[in-house]
Amino acid sequence: MSEREKMLAGELYRACDPELSQMHLRAQRILERFNRAGVDDDRESFLRELLGHFGEGAVLKPTLRCDYGCHIHFGAGSFAN
């Protein structure tokens, strides 16, 4: 069983696993761009790239922090700041 599969199953896993490390690095790069974006920038595009799902009409305001992002599903019409 891979470290990612262990993580998703709620078991103990090694976060330093190469696959998980790459996923984390990718997420942190996207988060940096999202959190730095101004009000006139297309923040939604960063969220669609980062998250597992970002619903229609949803609003998520910076500052956002997460490890991987791809396991987060933000439903249509949701709001968080």
Side-chain angles (χ1 to χ4, degrees):
M1 179 180 272
S2 74
E3 297 303 310
R4 183 178 184 184
E5 290 169 331
K6 291 177 191 176
M7 177 188 69
L8 293 173
E11 298 178 12
L12 291 176
Y13 66 94
R14 292 180 315 113
C16 62
D17 174 73
E19 178 186 17
L20 294 177
S21 293
Q22 284 298 316
M23 289 172 59
H24 185 263
L25 181 60
R26 174 189 174 275
Q28 298 316 298
R29 287 179 175 154
I30 298 168
L31 283 168
E32 182 179 341
R33 295 188 339 245
F34 171 76
N35 289 326
R36 201 171 7 127
V39 292
D40 293 331
D41 295 324
D42 184 15
R43 290 182 181 143
E44 187 175 317
S45 66
F46 298 127
L47 294 172
R48 291 196 183 283
E49 184 180 355
L50 174 68
L51 303 179
H53 174 77
F54 189 73
E56 189 68 34
V59 176
L60 183 54
K61 303 272 187 177
T63 301
L64 177 62
R65 303 260 185 255
C66 65
D67 287 332
Y68 305 106
C70 60
H71 303 111
I72 298 171
H73 296 264
F74 204 72
S78 297
F79 176 86
N81 65 355

- Item | Under 3.5 Å donor-acceptor, Arg43 side chain and Ala37 backbone | yes
- Whether Gln28 side chain and Cys66 backbone form a donor-acceptor pair below 3.5 Å: yes
- For the residue pair Phe46 and Phe34, categorise the inter-ring angle as parallel (less than 30°), tilted (30 to 60°) or perpendicular (more than 60°). perpendicular
- Item | salt bridge (charged side-chain N to carboxylate O under 4.0 Å, His left out) contacts touching residues 53-74 (sequence neighbours left out) | none
- Query: Is there any salt bridge (charged side-chain N to carboxylate O under 4.0 Å, His left out) pair reaching into residues 18-35, and which pairs are they, with sequence neighbours excluded?
  - Reply: Arg4-Glu19, Glu32-Arg36, Arg33-Glu49
Reported [atom1]-to-[atom2] distance for the pair [X] and [Y], which is rounded to 0.5 angstrom:
{"X": "Ile30", "Y": "Asn35", "atom1": "CD1", "atom2": "CG", "result": "11.5 Å"}
{"X": "Glu11", "Y": "Glu5", "atom1": "CD", "atom2": "CD", "result": "9.5 Å"}
{"X": "Leu25", "Y": "Leu20", "atom1": "CG", "atom2": "CG", "result": "12.5 Å"}
{"X": "Arg14", "Y": "Ser21", "atom1": "CZ", "atom2": "OG", "result": "9.0 Å"}

- Item | Heavy atoms from other residues, nucleotides or ligands near CG of Leu12 exceed 12 (cutoff 6.0 Å) | no
Heavy-atom closest pair, residues [X] and [Y]:
{"X": "Val59", "Y": "Phe54", "result": "N-CZ, 4.2 Å"}
{"X": "Leu50", "Y": "Leu64", "result": "CD2-CD2, 4.1 Å"}
{"X": "Glu3", "Y": "Lys6", "result": "OE2-NZ, 3.0 Å"}
{"X": "Leu51", "Y": "Ile72", "result": "CB-O, 3.7 Å"}

- Query: Any link between Tyr68 and Phe74 through a network of hydrophobic side chains (Ile, Leu, Val, Met, Phe, Trp, Tyr) touching at under 4.5 Å?
  - Reply: no
- Do Tyr13 and Met23 belong to the same hydrophobic cluster, where Ile, Leu, Val, Met, Phe, Trp and Tyr are linked whenever their side-chain heavy atoms lie under 4.5 Å apart, directly or via other members? yes
